[in-house]
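The structure under discussion appears below in the form of structure tokens.
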Amino acid sequence: MKKNYNLLEIPNINSKDAKFKELIYSVDDSLFNKDNYSKKELEHLCVCSGGTTSSCAKNGFKTLDLRKNYSKIHLNSENNLVTIGGGVIMGDLINHLEKHNRSFPIGLSKLPGAGYILTGGVSPLSRAYGLAIDNIESIKGFLGNGTFISLKKNQINPEKKLIWEAIKGAAPFFSVITEIGLKTIQSNPIKVIEGFVNLNELSEIIKLSEKFPENISLQWICAQKIYIYIFAELKNNLEDKKTKEYLMLLEKFPGLEKNFYNNFSEINFFPKELDLYELDANNHSEVISLLGEDLENDIPIFIKCLKQIMDNKPNNSCYIASQQLGGKTKKLNHGSSFFVHRKSTWKPWIYASWKKNDLQEKKIAMDWMYKSWRNLKRFYPNIHLAQLHNHLDSHSKELTLAFGHRIDELKTLKNIFDPQSILPPL
Ligand SMILES: Cc1cc2nc3c(=O)[nH]c(=O)nc-3n(C[C@H](O)[C@H](O)[C@H](O)COP(=O)(O)OP(=O)(O)OC[C@H]3O[C@@H](n4cnc5c(N)ncnc54)[C@H](O)[C@@H]3O)c2cc1C
């Protein structure tokens, strides 16, 4: 087979630079034949949807790029369910829905693909509408043993129940999902209070946010400086009394300004002024996402810890950020899933980055990421497995902290439905 190098135009630079073995665009039987993978390298199939993670392409591995042949979006205007291909990116999804005055709780970036949905999907709208997985109505795809599956939320027989639950949060380990049916929501205007704050102000704002109603959420990023977004969905164009009261409390912070957006798709989080290096072609990076509950009385100690972490940052491209969940994400009325840490109300992530060929800087940046994780564990003990890290030493620990009491069920599913480990290993 002819080797194709550097033809994977994707946002994640580690994966973009990978000297992969082959690019495949369609699912066929040959994908599920272990003889087609190198035994020596313990090769598995990499899957690319949005291409925003460091695991969708690897040196010497094949990548199934779903973007070309699994990119359809169809909204059924009678029941407002949207069907998307497994290679659809979230920006295309909400831009399409917006034409019909509908929306979906996507995350803080329009770049991620179906991986966003399948790994949980934490949105600034999640407090009001649940995680992305809570809005899955149906899926089609293939298990790691090549079997085609088609499941609908209200028609799951007991035999398929575990597969359905595991698809919601752990799909990449045992399946390739080619189609997802999703509930959509009414598109509403959004008010965003945003701007730079200092550490004391961040502390006050976190305290306020832990009392926010479900239509308001806080997201902050601590890079060179601290930038925050308070995101408020105005249902039916109305700023209700409670929303008004909470947003008024923010008027005393001089660095914050109010912006009004007609809909979610108009918003771009983390603007250029933040000088983030996320998409810098000269840098490689890894991200680890944590989960924890309200900080309450621990806010002052947390702020102290955050300051120490930021003081020890190895370079300007590393940062820590956080988004707020809670509200509807705490409820299980959407059915059980493999996103097990339902009590969580905060999802911070640690972003470590380095000049791509500088192994020494990489080691320093990764050590900083792991040390920061250790320091933040007391506040955020669990993991949101939004990025697969089977190439890192922390993988097995992350799995245990992400899937908790369901890890053995996941291993059983993997043994049954991906017995040759064609898909990313557990
Ligand atoms: C700028 C930015 C902002 C983000 N903001 C948020 C946020 O607000 N909330 C949040 O929850 N997360 C957020 N994320 C994390 C992101 O949602 C996850 O990392 C997600 O897994 C990325 O999915 P992808 O399809 O873009 O990536 P890819 O690298 O293409 O895929 C990620 C993993 O998912 C698997 N995968 C992808 N598609 C399929 C499929 N169809 N079937 C089976 N396996 C599949 C792949 O094997 C791969 O290992 C953000 C990431 C970035 C880069």
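Remember, predicted model here, so these are calculated numbers, not experimental data. Whatever order the structure lists ligands and atoms in, that order sets their numbers, starting from 1.
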I need the atoms of ligand 1 closer than 4.0 Å to a non-hydrogen atom of Gly50, numbered in the order shown.
24 (P), 25 (O), 26 (O), 30 (O)
Taking 4.0 angstrom as the limit, do Lys362 and Asp358 come out as a salt bridge?
no
Please could you name the atoms of ligand 1 that His384 approaches to less than 4.0 Å, counting only its heavy atoms?
11 (O)
Run the salt-bridge test on Asp134 and Arg342 with the 4.0 Å N-O cut-off and return the result as yes or no.
yes
Taking only residues two or more places apart in sequence or in another chain, which ones pass side chain to side chain contact (heavy atoms under 4.5 Å, CB included) with Lys313?
Gln224, Met310, Cys318, Trp368
Atoms in ligand 1 flagged as close to Val176, the criterion being non-hydrogen separation under 4.0 Å:
42 (N), 43 (C)
Taking only non-hydrogen atoms of Ser55, do any sit less than 4.0 angstrom from ligand 1?
yes
Check side chain to side chain contact (heavy atoms under 4.5 Å, CB included) between Lys225 and all other residues, then give those that pass, not counting sequence neighbours.
Phe196
Can you list the atoms of ligand 1 that are under 4.0 Å from a heavy atom of Ala114?
25 (O)
Report the part of Leu388 in contact with ligand 1, treating N, CA, C, O as backbone and CB onward as side chain, heavy atoms under 4.0 Å; options are side chain, backbone, both, neither.
side chain
Using a heavy-atom cut-off of under 4.0 Å, does the side chain or the backbone of Thr119 touch ligand 1, or both, or neither?
side chain
Does only the side chain of Val287 get under 4.0 Å from ligand 1, or the backbone, or both, or neither? Count heavy atoms.
neither
Can a donor-acceptor pair be found between the side chains of Asn215 and Glu233 at a distance below 3.5 Å?
no
Of all the heavy atoms in Met90, does at least one lie under 4.0 Å from an atom in ligand 1?
no
The option among Ala57, Gly113, Pro124 carrying the non-hydrogen atom nearest to atom 24 (P) of ligand 1 is Gly113
Note: heavy atom closest to atom 23 (O) of ligand 1, options Gly115, Ser109, Ser175, Gly120, belongs to Gly115
Salt-bridged, Glu43 to Lys62, with N to O below 4.0 Å?
no
For Cys48, take its heavy atoms, then give the atoms of ligand 1 lying under 4.0 Å from any of them.
30 (O)
How close do Ala352 and Met369 get, heavy atom to heavy atom, and via which atoms?
CB-CB, 3.8 Å
Taking only heavy atoms of Leu66, which atoms of ligand 1 are found under 4.0 Å from at least one of them?
40 (C), 41 (N)
If you measure from atom 51 (C) of ligand 1 to every heavy atom of Ser15, Pro112, Ser54, which option wins on shortest distance?
Pro112
Before giving the answer on side chain to side chain contact (heavy atoms under 4.5 Å, CB included), spell out for Leu162 and Glu409 the whole-Å C-alpha distance, their side-chain angles and the decisive distance to 0.1 Å.
CA-CA 8 Å; Leu162 192 58; Glu409 286 174 290; 3.3 Å; yes
Please classify the Ile10 to ligand 1 contact at 4.0 Å (heavy-atom distances, strictly less than): side chain, backbone, both or neither.
neither
Going by the atom numbers of ligand 1, which of them fall below 4.0 Å from some non-hydrogen atom of Pro172?
34 (O), 35 (C), 44 (N)
So, His389 side chain and Val287 main chain: donor-acceptor pair closer than 3.5 Å or not?
yes
Proximal atoms of ligand 1 relative to Gly107 (non-hydrogen, under 4.0 Å):
7 (C), 8 (O)
